[in-house]
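A quick write-up on the structure given underneath.
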Protein chains: 2
Amino acid sequence: MDKPLTKPSIREINERVILAAAESVFAERGFSGATMSMIAKRAGSPKANIHYYFPTKETLYRAVVARVLTAWLDAARSFDASDDPKEALTAYIGAKMDLAREMPLSSQIYASEMMRGAPVVQDYLETTLSAWVAERSGVVRRWIAQGKLKPIEPKYLFFMIWATTQHYANAAHEMATLEGGPLSDEAFERAKGQVAQTVLFGVAAGG
Amino acid sequence: MDKPLTKPSIREINERVILAAAESVFAERGFSGATMSMIAKRAGSPKANIHYYFPTKETLYRAVVARVLTAWLDAARSFDASDDPKEALTAYIGAKMDLAREMPLSSQIYASEMMRGAPVVQDYLETTLSAWVAERSGVVRRWIAQGKLKPIEPKYLFFMIWATTQHYANAAHEMATLEGGPLSDEAFERAKGQVAQTVLFGVAAGG
DNA sequence: ACGCCATTTGACCGATCGGTCAGATTCGCG
DNA sequence: CGCGAATCTGACCGATCGGTCAAATGGCGT
(Lines give C-alpha, C1' and ligand atoms only; values in the text may rest on other atoms or scores of the structure.)
Protein backbone atom coordinates (compact mmCIF):
# COMPACT_ATOMS: atom_id res chain seq x y z
CA MET A 1 0.00 0.00 0.00
CA ASP A 2 0.98 3.61 -0.48
CA LYS A 3 3.14 3.04 -3.53
CA PRO A 4 4.42 6.22 -5.21
CA LEU A 5 2.27 5.90 -8.32
CA THR A 6 2.61 9.61 -8.91
CA LYS A 7 5.80 11.44 -8.09
CA PRO A 8 5.61 13.06 -4.68
CA SER A 9 4.36 16.60 -4.67
CA ILE A 10 6.43 19.49 -3.37
CA ARG A 11 4.18 19.51 -0.34
CA GLU A 12 4.85 15.83 0.40
CA ILE A 13 8.59 16.23 0.06
CA ASN A 14 8.79 19.31 2.25
CA GLU A 15 6.51 17.97 4.93
CA ARG A 16 8.72 14.90 5.14
CA VAL A 17 11.90 16.97 5.46
CA ILE A 18 10.34 19.25 8.06
CA LEU A 19 8.99 16.35 10.09
CA ALA A 20 12.41 14.69 10.16
CA ALA A 21 14.07 17.91 11.28
CA ALA A 22 11.38 18.53 13.88
CA GLU A 23 11.69 15.01 15.23
CA SER A 24 15.40 15.39 15.89
CA VAL A 25 15.01 18.79 17.52
CA PHE A 26 12.06 17.76 19.68
CA ALA A 27 13.97 14.65 20.78
CA GLU A 28 17.05 16.66 21.73
CA ARG A 29 15.37 19.56 23.47
CA GLY A 30 11.84 18.53 24.33
CA PHE A 31 8.76 20.44 23.23
CA SER A 32 9.48 23.67 25.08
CA GLY A 33 13.20 23.59 24.42
CA ALA A 34 12.79 23.18 20.69
CA THR A 35 12.54 26.38 18.69
CA MET A 36 11.02 26.90 15.30
CA SER A 37 14.18 28.59 14.06
CA MET A 38 16.23 25.57 15.06
CA ILE A 39 13.86 23.27 13.20
CA ALA A 40 13.91 25.61 10.22
CA LYS A 41 17.70 25.68 10.08
CA ARG A 42 17.89 21.89 10.26
CA ALA A 43 15.24 21.56 7.55
CA GLY A 44 17.05 24.05 5.34
CA SER A 45 14.14 26.45 4.98
CA PRO A 46 13.43 29.89 6.39
CA LYS A 47 11.29 29.83 9.48
CA ALA A 48 8.29 31.36 7.75
CA ASN A 49 8.18 28.44 5.37
CA ILE A 50 7.86 25.98 8.22
CA HIS A 51 4.81 27.91 9.36
CA TYR A 52 3.45 27.68 5.84
CA TYR A 53 3.25 23.89 6.14
CA PHE A 54 2.59 23.61 9.87
CA PRO A 55 0.79 26.70 11.17
CA THR A 56 1.85 26.35 14.80
CA LYS A 57 4.55 24.64 16.82
CA GLU A 58 1.93 22.43 18.39
CA THR A 59 0.56 21.33 15.03
CA LEU A 60 4.05 20.28 14.03
CA TYR A 61 4.61 18.46 17.30
CA ARG A 62 1.35 16.56 16.97
CA ALA A 63 2.33 15.47 13.47
CA VAL A 64 5.65 14.15 14.76
CA VAL A 65 3.97 12.27 17.59
CA ALA A 66 1.45 10.74 15.20
CA ARG A 67 4.30 9.16 13.25
CA VAL A 68 5.77 7.79 16.44
CA LEU A 69 2.54 6.07 17.38
CA THR A 70 2.19 4.26 14.06
CA ALA A 71 5.73 2.89 14.42
CA TRP A 72 4.76 1.76 17.93
CA LEU A 73 1.71 -0.12 16.78
CA ASP A 74 3.63 -1.76 13.94
CA ALA A 75 6.08 -3.23 16.44
CA ALA A 76 3.24 -4.29 18.69
CA ARG A 77 1.88 -6.53 15.96
CA SER A 78 4.85 -8.87 16.34
CA PHE A 79 3.34 -10.03 19.61
CA ASP A 80 0.68 -11.82 17.58
CA ALA A 81 3.22 -13.67 15.47
CA SER A 82 2.74 -16.90 17.39
CA ASP A 83 0.47 -18.69 19.83
CA ASP A 84 3.45 -19.97 21.74
CA PRO A 85 4.47 -17.67 24.60
CA LYS A 86 8.17 -18.24 24.08
CA GLU A 87 8.00 -17.33 20.41
CA ALA A 88 5.57 -14.48 20.85
CA LEU A 89 7.46 -12.83 23.69
CA THR A 90 10.81 -13.26 21.99
CA ALA A 91 9.46 -11.72 18.80
CA TYR A 92 7.82 -8.87 20.66
CA ILE A 93 10.84 -8.05 22.81
CA GLY A 94 13.08 -8.25 19.77
CA ALA A 95 10.86 -5.92 17.76
CA LYS A 96 10.66 -3.41 20.59
CA MET A 97 14.41 -3.52 21.13
CA ASP A 98 15.04 -2.99 17.43
CA LEU A 99 12.64 -0.08 17.43
CA ALA A 100 14.46 1.55 20.32
CA ARG A 101 17.77 1.15 18.50
CA GLU A 102 16.64 2.16 15.06
CA MET A 103 14.33 4.99 16.05
CA PRO A 104 15.80 6.35 19.28
CA LEU A 105 14.46 9.82 18.58
CA SER A 106 10.89 8.57 18.37
CA SER A 107 11.34 6.59 21.55
CA GLN A 108 12.64 9.61 23.41
CA ILE A 109 9.77 11.78 22.21
CA TYR A 110 7.31 9.15 23.39
CA ALA A 111 8.98 9.00 26.80
CA SER A 112 8.95 12.78 27.11
CA GLU A 113 5.27 12.83 26.20
CA MET A 114 4.55 10.41 29.04
CA MET A 115 6.63 12.33 31.56
CA ARG A 116 4.72 15.49 30.74
CA GLY A 117 1.43 13.69 31.35
CA ALA A 118 0.63 12.77 27.74
CA PRO A 119 -0.88 16.15 26.77
CA VAL A 120 -1.09 15.05 23.15
CA VAL A 121 -1.52 11.27 23.23
CA GLN A 122 -3.96 10.96 26.11
CA ASP A 123 -6.80 9.73 23.91
CA TYR A 124 -4.47 7.21 22.27
CA LEU A 125 -3.71 5.81 25.70
CA GLU A 126 -7.38 5.59 26.58
CA THR A 127 -8.51 3.96 23.36
CA THR A 128 -5.97 2.17 21.19
CA LEU A 129 -3.39 1.23 23.80
CA SER A 130 -5.96 0.29 26.43
CA ALA A 131 -7.66 -2.02 23.96
CA TRP A 132 -4.35 -3.56 22.94
CA VAL A 133 -3.40 -4.27 26.54
CA ALA A 134 -6.80 -5.69 27.42
CA GLU A 135 -6.72 -8.05 24.47
CA ARG A 136 -3.15 -9.25 25.00
CA SER A 137 -3.68 -9.61 28.72
CA GLY A 138 -6.35 -12.14 27.80
CA VAL A 139 -3.83 -14.03 25.70
CA VAL A 140 -1.32 -14.07 28.56
CA ARG A 141 -3.97 -15.28 30.99
CA ARG A 142 -4.82 -18.09 28.61
CA TRP A 143 -1.16 -19.12 28.56
CA ILE A 144 -1.19 -19.11 32.34
CA ALA A 145 -4.34 -21.24 32.43
CA GLN A 146 -2.64 -23.67 30.06
CA GLY A 147 0.24 -23.92 32.50
CA LYS A 148 2.72 -22.34 30.12
CA LEU A 149 3.45 -19.31 32.27
CA LYS A 150 3.69 -18.55 35.96
CA PRO A 151 0.57 -16.91 37.44
CA ILE A 152 1.64 -13.34 36.88
CA GLU A 153 -0.25 -10.13 36.33
CA PRO A 154 -0.01 -9.54 32.57
CA LYS A 155 0.06 -5.76 32.89
CA TYR A 156 3.24 -5.78 34.94
CA LEU A 157 4.82 -8.05 32.36
CA PHE A 158 4.07 -5.53 29.63
CA PHE A 159 5.32 -2.68 31.80
CA MET A 160 8.57 -4.55 32.28
CA ILE A 161 9.00 -5.18 28.57
CA TRP A 162 8.21 -1.59 27.66
CA ALA A 163 10.53 -0.32 30.34
CA THR A 164 13.48 -2.43 29.34
CA THR A 165 13.24 -1.86 25.63
CA GLN A 166 12.54 1.85 25.95
CA HIS A 167 15.54 2.18 28.22
CA TYR A 168 17.83 1.26 25.35
CA ALA A 169 16.70 4.45 23.64
CA ASN A 170 16.24 6.77 26.61
CA ALA A 171 19.49 5.87 28.32
CA ALA A 172 21.61 5.29 25.23
CA HIS A 173 23.97 8.02 26.36
CA GLU A 174 24.31 6.60 29.87
CA MET A 175 25.06 3.16 28.45
CA ALA A 176 27.56 4.55 25.99
CA THR A 177 29.44 6.28 28.78
CA LEU A 178 29.52 3.15 30.92
CA GLU A 179 30.59 1.00 27.96
CA GLY A 180 33.25 3.45 26.85
CA GLY A 181 31.46 4.05 23.57
CA PRO A 182 28.18 3.41 21.76
CA LEU A 183 26.89 -0.15 21.93
CA SER A 184 28.15 -2.10 18.93
CA ASP A 185 25.74 -4.17 16.89
CA GLU A 186 27.15 -7.29 18.51
CA ALA A 187 26.75 -5.90 22.02
CA PHE A 188 23.23 -4.83 21.24
CA GLU A 189 22.32 -8.27 19.92
CA ARG A 190 23.72 -9.85 23.07
CA ALA A 191 21.71 -7.41 25.18
CA LYS A 192 18.60 -8.24 23.19
CA GLY A 193 19.16 -11.95 23.72
CA GLN A 194 19.79 -11.58 27.44
CA VAL A 195 16.69 -9.46 27.97
CA ALA A 196 14.52 -11.96 26.13
CA GLN A 197 16.12 -14.88 27.98
CA THR A 198 15.73 -13.26 31.38
CA VAL A 199 12.10 -12.37 30.85
CA LEU A 200 11.28 -15.79 29.41
CA PHE A 201 12.93 -17.67 32.26
CA GLY A 202 11.37 -15.25 34.70
CA VAL A 203 7.81 -15.90 33.62
CA ALA A 204 8.02 -19.44 32.24
CA ALA A 205 6.16 -22.02 34.27
CA GLY A 206 8.57 -23.65 36.72
CA GLY A 207 10.30 -26.82 35.62
CA MET B 1 25.53 13.78 61.05
CA ASP B 2 24.04 17.09 60.03
CA LYS B 3 21.78 17.43 63.04
CA PRO B 4 20.08 20.81 63.40
CA LEU B 5 22.10 21.94 66.38
CA THR B 6 21.39 25.53 65.48
CA LYS B 7 18.05 26.58 64.06
CA PRO B 8 18.18 26.76 60.28
CA SER B 9 19.14 30.13 58.87
CA ILE B 10 16.90 32.11 56.57
CA ARG B 11 19.20 31.10 53.75
CA GLU B 12 18.82 27.40 54.51
CA ILE B 13 15.06 27.61 54.71
CA ASN B 14 14.69 29.57 51.50
CA GLU B 15 17.11 27.44 49.53
CA ARG B 16 15.14 24.39 50.56
CA VAL B 17 11.83 25.92 49.49
CA ILE B 18 13.25 27.11 46.19
CA LEU B 19 14.86 23.76 45.45
CA ALA B 20 11.57 21.94 46.06
CA ALA B 21 9.70 24.34 43.80
CA ALA B 22 12.38 24.10 41.14
CA GLU B 23 12.36 20.32 41.27
CA SER B 24 8.66 20.12 40.56
CA VAL B 25 8.80 22.64 37.73
CA PHE B 26 11.87 21.07 36.10
CA ALA B 27 10.22 17.65 36.32
CA GLU B 28 7.01 18.87 34.71
CA ARG B 29 8.48 20.99 31.94
CA GLY B 30 12.10 19.99 31.50
CA PHE B 31 15.01 22.39 31.73
CA SER B 32 14.08 24.60 28.80
CA GLY B 33 10.37 24.49 29.49
CA ALA B 34 10.74 25.60 33.08
CA THR B 35 10.72 29.34 33.65
CA MET B 36 12.14 31.26 36.56
CA SER B 37 8.84 33.07 37.08
CA MET B 38 7.04 29.73 37.36
CA ILE B 39 9.53 28.52 39.94
CA ALA B 40 9.26 31.83 41.78
CA LYS B 41 5.49 31.66 41.92
CA ARG B 42 5.58 28.10 43.24
CA ALA B 43 8.19 29.04 45.82
CA GLY B 44 6.14 32.07 46.91
CA SER B 45 8.86 34.64 46.24
CA PRO B 46 9.33 37.28 43.59
CA LYS B 47 11.55 36.20 40.76
CA ALA B 48 14.40 38.51 41.73
CA ASN B 49 14.67 36.76 45.06
CA ILE B 50 15.23 33.40 43.36
CA HIS B 51 18.16 34.95 41.54
CA TYR B 52 19.48 36.22 44.84
CA TYR B 53 19.95 32.63 46.05
CA PHE B 54 20.68 30.98 42.72
CA PRO B 55 22.29 33.45 40.31
CA THR B 56 21.30 31.64 37.12
CA LYS B 57 18.78 29.08 35.97
CA GLU B 58 21.58 26.62 35.33
CA THR B 59 22.98 27.04 38.84
CA LEU B 60 19.55 26.20 40.22
CA TYR B 61 19.19 23.21 37.93
CA ARG B 62 22.58 21.84 38.92
CA ALA B 63 21.63 22.13 42.58
CA VAL B 64 18.44 20.16 41.94
CA VAL B 65 20.30 17.47 40.04
CA ALA B 66 22.89 17.18 42.80
CA ARG B 67 20.15 16.28 45.27
CA VAL B 68 18.84 13.64 42.87
CA LEU B 69 22.21 11.97 42.62
CA THR B 70 22.64 11.61 46.37
CA ALA B 71 19.23 9.93 46.63
CA TRP B 72 20.34 7.62 43.82
CA LEU B 73 23.52 6.58 45.56
CA ASP B 74 21.68 6.02 48.83
CA ALA B 75 19.39 3.51 47.15
CA ALA B 76 22.35 1.88 45.44
CA ARG B 77 23.84 1.00 48.80
CA SER B 78 21.07 -1.54 49.42
CA PHE B 79 22.72 -3.75 46.82
CA ASP B 80 25.49 -4.40 49.34
CA ALA B 81 23.05 -5.49 52.04
CA SER B 82 23.81 -9.15 51.50
CA ASP B 83 26.27 -11.56 49.91
CA ASP B 84 23.43 -13.70 48.69
CA PRO B 85 22.26 -12.78 45.18
CA LYS B 86 18.62 -13.40 45.94
CA GLU B 87 18.65 -11.12 48.96
CA ALA B 88 20.86 -8.49 47.41
CA LEU B 89 18.90 -8.21 44.19
CA THR B 90 15.56 -8.23 45.99
CA ALA B 91 16.72 -5.45 48.30
CA TYR B 92 18.18 -3.43 45.46
CA ILE B 93 15.14 -3.75 43.20
CA GLY B 94 12.87 -2.93 46.14
CA ALA B 95 14.87 0.16 47.05
CA LYS B 96 14.91 1.39 43.47
CA MET B 97 11.19 0.78 43.06
CA ASP B 98 10.47 2.66 46.28
CA LEU B 99 12.63 5.51 45.11
CA ALA B 100 10.73 5.74 41.83
CA ARG B 101 7.44 5.82 43.71
CA GLU B 102 8.43 8.16 46.50
CA MET B 103 10.52 10.57 44.43
CA PRO B 104 9.01 10.45 40.96
CA LEU B 105 10.06 14.01 40.24
CA SER B 106 13.71 13.23 40.87
CA SER B 107 13.47 10.15 38.70
CA GLN B 108 11.96 12.09 35.84
CA ILE B 109 14.63 14.76 36.05
CA TYR B 110 17.32 12.10 35.96
CA ALA B 111 15.70 10.52 32.90
CA SER B 112 15.45 13.86 31.14
CA GLU B 113 19.09 14.55 31.91
CA MET B 114 20.05 11.29 30.22
CA MET B 115 17.88 11.92 27.19
CA ARG B 116 19.53 15.28 26.66
CA GLY B 117 22.95 13.64 26.76
CA ALA B 118 23.77 14.25 30.43
CA PRO B 119 24.99 17.84 30.00
CA VAL B 120 25.22 18.25 33.76
CA VAL B 121 25.95 14.79 35.16
CA GLN B 122 28.46 13.59 32.59
CA ASP B 123 31.35 13.54 35.05
CA TYR B 124 29.18 11.67 37.58
CA LEU B 125 28.60 8.99 34.96
CA GLU B 126 32.29 8.74 34.17
CA THR B 127 33.49 8.59 37.76
CA THR B 128 31.05 7.58 40.50
CA LEU B 129 28.61 5.50 38.49
CA SER B 130 31.29 3.83 36.39
CA ALA B 131 33.11 2.79 39.54
CA TRP B 132 29.91 1.51 41.12
CA VAL B 133 29.09 -0.61 38.09
CA ALA B 134 32.61 -1.98 37.78
CA GLU B 135 32.66 -3.02 41.42
CA ARG B 136 29.20 -4.61 41.45
CA SER B 137 29.83 -6.33 38.14
CA GLY B 138 32.67 -8.08 39.93
CA VAL B 139 30.26 -9.23 42.63
CA VAL B 140 27.83 -10.57 40.05
CA ARG B 141 30.61 -12.40 38.22
CA ARG B 142 31.64 -13.99 41.50
CA TRP B 143 28.09 -15.22 42.01
CA ILE B 144 28.17 -16.65 38.51
CA ALA B 145 31.47 -18.39 39.21
CA GLN B 146 29.92 -19.86 42.37
CA GLY B 147 27.11 -21.27 40.26
CA LYS B 148 24.49 -19.08 41.87
CA LEU B 149 23.54 -17.20 38.73
CA LYS B 150 23.32 -17.95 35.04
CA PRO B 151 26.31 -16.77 33.00
CA ILE B 152 24.97 -13.34 32.15
CA GLU B 153 26.59 -10.03 31.38
CA PRO B 154 26.25 -8.04 34.62
CA LYS B 155 25.88 -4.71 32.85
CA TYR B 156 22.73 -5.78 31.03
CA LEU B 157 21.30 -6.98 34.31
CA PHE B 158 21.81 -3.56 35.84
CA PHE B 159 20.38 -1.87 32.76
CA MET B 160 17.28 -4.03 33.10
CA ILE B 161 16.83 -3.21 36.77
CA TRP B 162 17.34 0.50 36.20
CA ALA B 163 14.96 0.47 33.26
CA THR B 164 12.18 -1.34 35.06
CA THR B 165 12.30 0.65 38.24
CA GLN B 166 12.72 3.98 36.50
CA HIS B 167 9.74 3.18 34.33
CA TYR B 168 7.48 3.25 37.36
CA ALA B 169 8.34 6.95 37.69
CA ASN B 170 8.65 7.96 34.05
CA ALA B 171 5.51 6.21 32.88
CA ALA B 172 3.39 6.71 35.99
CA HIS B 173 0.85 8.60 33.94
CA GLU B 174 0.68 5.91 31.26
CA MET B 175 0.17 3.24 33.91
CA ALA B 176 -2.47 5.29 35.69
CA THR B 177 -4.42 5.63 32.47
CA LEU B 178 -4.25 1.92 31.72
CA GLU B 179 -5.18 1.02 35.29
CA GLY B 180 -8.04 3.48 35.39
CA GLY B 181 -6.35 5.44 38.16
CA PRO B 182 -3.06 5.81 40.02
CA LEU B 183 -1.48 2.58 41.22
CA SER B 184 -2.63 1.85 44.75
CA ASP B 185 -0.11 0.93 47.41
CA GLU B 186 -1.23 -2.68 47.13
CA ALA B 187 -0.90 -2.74 43.36
CA PHE B 188 2.51 -1.16 43.61
CA GLU B 189 3.68 -3.74 46.14
CA ARG B 190 2.46 -6.53 43.87
CA ALA B 191 4.30 -4.95 40.94
CA LYS B 192 7.43 -4.70 43.04
CA GLY B 193 7.19 -8.34 43.99
CA GLN B 194 6.58 -9.50 40.46
CA VAL B 195 9.50 -7.51 39.09
CA ALA B 196 11.84 -8.93 41.72
CA GLN B 197 10.51 -12.45 41.17
CA THR B 198 10.81 -12.24 37.40
CA VAL B 199 14.35 -10.93 37.49
CA LEU B 200 15.41 -13.45 40.12
CA PHE B 201 13.97 -16.43 38.26
CA GLY B 202 15.37 -15.02 35.03
CA VAL B 203 18.95 -14.91 36.24
CA ALA B 204 18.99 -17.66 38.87
CA ALA B 205 21.09 -20.68 37.98
CA GLY B 206 18.83 -23.30 36.38
CA GLY B 207 17.41 -26.06 38.51
C1' DA C 1 18.83 52.39 70.05
C1' DC C 2 22.10 52.15 66.58
C1' DG C 3 24.45 50.50 62.52
C1' DC C 4 25.71 46.92 59.39
C1' DC C 5 24.80 43.33 56.48
C1' DA C 6 21.51 40.03 54.69
C1' DT C 7 17.37 39.87 52.38
C1' DT C 8 13.45 41.43 49.60
C1' DT C 9 11.27 43.69 45.83
C1' DG C 10 9.31 46.12 41.62
C1' DA C 11 10.91 48.13 37.65
C1' DC C 12 13.50 47.44 33.96
C1' DC C 13 16.77 45.47 30.03
C1' DG C 14 18.25 43.17 25.68
C1' DA C 15 17.48 38.84 23.47
C1' DT C 16 14.70 35.56 21.65
C1' DC C 17 10.46 33.30 21.27
C1' DG C 18 6.18 31.86 18.18
C1' DG C 19 3.72 33.73 14.79
C1' DT C 20 2.19 37.21 10.84
C1' DC C 21 2.19 39.40 6.48
C1' DA C 22 2.89 41.39 2.01
C1' DG C 23 5.32 40.81 -1.75
C1' DA C 24 8.51 38.06 -4.67
C1' DT C 25 9.13 33.77 -7.03
C1' DT C 26 8.05 29.35 -8.95
C1' DC C 27 4.97 25.64 -10.49
C1' DG C 28 1.71 23.46 -13.38
C1' DC C 29 -1.90 23.47 -16.59
C1' DG C 30 -4.40 25.25 -20.76
C1' DC D 1 3.58 31.28 -23.60
C1' DG D 2 0.21 33.15 -20.13
C1' DC D 3 -1.86 33.13 -15.84
C1' DG D 4 -3.77 31.71 -11.40
C1' DA D 5 -2.41 29.02 -7.56
C1' DA D 6 1.11 27.28 -4.76
C1' DT D 7 5.29 28.19 -2.60
C1' DC D 8 8.88 30.92 -0.67
C1' DT D 9 11.01 34.61 2.09
C1' DG D 10 12.76 38.83 4.75
C1' DA D 11 10.98 42.05 7.68
C1' DC D 12 8.41 42.65 11.38
C1' DC D 13 5.26 42.16 15.81
C1' DG D 14 3.87 41.62 20.76
C1' DA D 15 4.93 38.56 24.46
C1' DT D 16 7.94 36.45 27.39
C1' DC D 17 12.32 34.85 28.56
C1' DG D 18 16.64 35.03 31.93
C1' DG D 19 18.87 38.26 34.29
C1' DT D 20 20.10 43.12 36.52
C1' DC D 21 19.83 46.92 39.61
C1' DA D 22 18.97 50.37 43.04
C1' DA D 23 16.30 51.18 46.60
C1' DA D 24 13.47 49.47 50.46
C1' DT D 25 13.07 46.43 54.35
C1' DG D 26 14.34 43.21 57.97
C1' DG D 27 17.37 40.64 61.31
C1' DC D 28 20.70 40.89 64.75
C1' DG D 29 24.92 41.78 67.54
C1' DT D 30 26.54 45.48 70.38
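None of these values were measured; they are calculated from a predicted model. Protein chains get the first letters and strands the later ones, always in sequence-line order, with residue 1 at the start of each.
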Exercise for the section: Determine whether B:Phe31 and B:Arg116 make a side-chain contact, defined as any pair of heavy atoms from C-beta on separated by less than 4.5 Å. Expected result: yes

Exercise for the section: Tell me whether the OP1 or OP2 atom of C:dT8 has a side-chain N or O from B:Tyr52 closer than 4.0 Å. Expected result: no

Problem - Euclidean distance, atom CD of residue A:Glu12 to atom C1' of D:dA6 [Å, nearest integer] - result: 14 Å

Exercise for the section: Indicate, with a heavy-atom threshold strictly under 4.0 Å, whether B:Ser37 touches base, sugar-phosphate, or nothing. Expected result: sugar-phosphate

Problem - N/O (side chain, A:Asn14) to phosphate O (OP1/OP2, D:dA6) under 4.0 Å - result: no

Exercise for the section: Between C:dG19, D:dG19, D:dT20, spot the one nearest the side chain of B:Thr56, thanks. Expected result: D:dG19

Exercise for the section: Take atom CE of A:Met38 and atom C1' of C:dC17, then tell me their distance rounded to the nearest Å. Expected result: 11 Å

Practice task
Using a strict 4.0 Å threshold on nitrogen-to-oxygen distance, state whether B:Glu28 and B:Arg42 make a salt bridge.
Solution key: yes

Handout entry: Test: B:Arg62 and B:Glu58 ion pair at under 4.0 Å
Key = yes

Problem - Within the 6.0 Å centroid threshold, strictly below: A:Phe79 and A:Phe158 - result: yes

Completion exercise
Whole-Å distance, B:Lys41 NZ to C:dG10 C1', equals 16 Å

Handout entry: Rounded distance (Å) that lies between atom P of D:dC17 and atom CD1 of B:Ile50
Key = 14 Å

Handout entry: OP1 or OP2 of D:dA6 under 4.0 Å from side-chain N/O of A:Arg11
Key = no

Practice task
Using a heavy-atom cut-off of under 4.0 Å over every strand shown, decide if A:Ala40 touches base, sugar-phosphate, or nothing.
Solution key: nothing

Exercise for the section: Indicate, yes or no, whether a donor-acceptor pair under 3.5 Å links the base of D:dG19 to the side chain of B:Lys57. Expected result: no

Handout entry: A:Arg190 with A:Glu186: basic N within carboxylate O range, under 4.0 Å
Key = no

Fill in the blank from the handout: When rounded to whole Å, the CG to C1' distance for the pair A:Asn49 and C:dC27 reads 14 Å

Fill in the blank from the handout: Rounded to whole Å, the CD-C1' distance (B:Glu58 to D:dG19) equals 14 Å

Exercise for the section: Would you mind telling me which of C:dG10, D:dT9, D:dG18 lies closest to the side-chain atoms of A:Pro46? Expected result: D:dT9

Problem - Minimum-distance nucleotide to B:Ile10 side chain [options: C:dT20, D:dG27, C:dT9] - result: D:dG27

Exercise for the section: Could you check B:Gly44 against B:Lys47 and say which one's nearest nucleotide on DNA chain C is further toward the 5' end? Expected result: B:Gly44

Problem - Spacing between B:His51 atom NE2 and C:dG10 atom C1', to the nearest angstrom - result: 15 Å

Handout entry: d(CD1, A:Ile13; C1', D:dT7) in whole Å
Key = 13 Å

Practice task
Using only side-chain N and O atoms of A:Tyr53, determine if any of them is under 4.0 Å from OP1 or OP2 of D:dA6.
Solution key: no

